[in-house]
Amino acid sequence: MASNVSGTRHHRAGWEAESPWATSWTVAAAVLMTFGGIMAIFQGIAAIAQDDVFVATRDFTYEFSLTGWGWIHLILGALVAAAGLALFKGAGWARAVGVALAGLSMIANFVWLPYAPVWSIVLIVIDGFIIWALCAPRRESRESRA
């Protein structure tokens, strides 16, 4: 009680959520990033192993070998999962990195469409939600303005 004499609550300097909904969306984005990153890692491993699940198309504009796409998805998935875990810890850099990585993931899944169309479309939508959730309106806390 003695620490609240001035009538103000103490917050960490930086950005605080404008509403509890914004905080909830950040947590949801962290969960989706972690889960999506892990799934991209598995997708990359399957492509590197040249699993029979994927159908290779010919004369595709963004044509890489299946192994090349596997490494792209594996590395990008590991980065997305790491940024998602950092969001849980409240790292300030994880929000901007999460938006950038979700954008890269959208692009990677767009060019991955011929190999796994349904999975790619689902991940593009999830990445769009992640970007929206991480860009939710925020306001500056009182301590960071001073």
Side-chain angles (χ1 to χ4, degrees), residues 3-4 8-58 60-146:
S3 65
N4 199 11
T8 61
R9 295 184 303 178
H10 295 283
H11 296 286
R12 274 197 256 166
W15 294 91
E16 76 177 18
E18 190 172 313
S19 70
W21 284 101
T23 303
S24 300
W25 289 124
T26 303
V27 171
V31 168
L32 287 175
M33 285 179 68
T34 304
F35 178 73
I38 291 169
M39 295 308 292
I41 289 169
F42 289 141
Q43 183 179 15
I45 290 170
I48 291 169
Q50 296 187 356
D51 198 354
D52 293 334
V53 173
F54 303 111
V55 176
T57 58
R58 293 192 176 140
F60 180 53
T61 304
Y62 306 107
E63 187 174 349
F64 285 132
S65 68
L66 192 58
T67 304
W69 277 119
W71 282 108
I72 289 170
H73 283 286
L74 181 72
I75 293 168
L76 191 57
L79 293 173
V80 169
L85 292 173
L87 270 175
F88 279 122
K89 293 183 178 184
W93 58 267
R95 182 175 306 277
V97 169
V99 170
L101 288 175
L104 287 174
S105 179
M106 285 178 94
I107 293 168
N109 282 301
F110 174 75
V111 295
W112 182 252
L113 275 168
Y115 296 101
V118 174
W119 180 252
S120 295
I121 290 170
V122 168
L123 286 179
I124 288 169
V125 170
I126 288 174
D127 288 331
F129 175 76
I130 289 169
I131 290 171
W132 175 81
L134 292 177
C135 293
R138 308 233 177 274
R139 64 184 162 96
E140 228 177 316
S141 64
R142 290 181 182 156
E143 285 82 17
S144 65
R145 283 186 238 151

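Quick caveat, the model's predicted, so the values are computed rather than measured.
Few gaps surround CZ on F88; more than 12 heavy atoms of other groups in view lie less than 6.0 Å from it. The environment of CH2 in W132 is crowded: more than 12 heavy-atom neighbours from other residues, nucleotides or ligands sit within 6.0 Å.
Looking at heavy atoms from C-beta onward, I121 lies in side-chain contact with L113 at the 4.5 angstrom threshold. The shortest side-chain heavy-atom distance between W69 and V111 falls under the 4.5 Å cut-off. N109 is listed as a side-chain neighbour of H73, based on a closest heavy-atom distance under 4.5 Å. Using a 4.5 Å heavy-atom cutoff, the side chains of I131 and M106 are in contact. For the pair L123 and Q43, the minimum side-chain heavy-atom distance is below 4.5 Å. Annotation: side chain of L134 is in contact with side chain of L87 (closest heavy-atom distance under 4.5 Å). The closest side-chain heavy-atom distance from L101 to S105 is not below 4.5 Å.
For the atom pair L32 CG and F129 CZ, the distance stands at 6.0 Å (nearest 0.5 Å). Considering OG1 of T26 and CD1 of I130, their distance stands at 12.0 Å, rounded to 0.5 Å. Atom CG in L85 sits 4.0 Å away from atom OG1 in T34 (nearest 0.5 Å). Here the CG atom belonging to L104 is positioned 12.5 Å from the CD1 atom belonging to I75, to the nearest 0.5 angstrom. The distance from the CE atom of M33 to the CG atom of L79 is 9.5 Å, given to the nearest 0.5 Å.
Listed here is the closest heavy atom pair of G84 and A30: O-CB, 3.6 Å. Shown here for A83 and A94, the closest heavy-atom pair between the two residues is O-CB, 3.8 Å. The two residues G70 and A47 make their nearest non-hydrogen contact at CA-CB, 3.5 Å.
The aromatic ring centroids of W112 and W119 lie 6.0 Å or more from each other.
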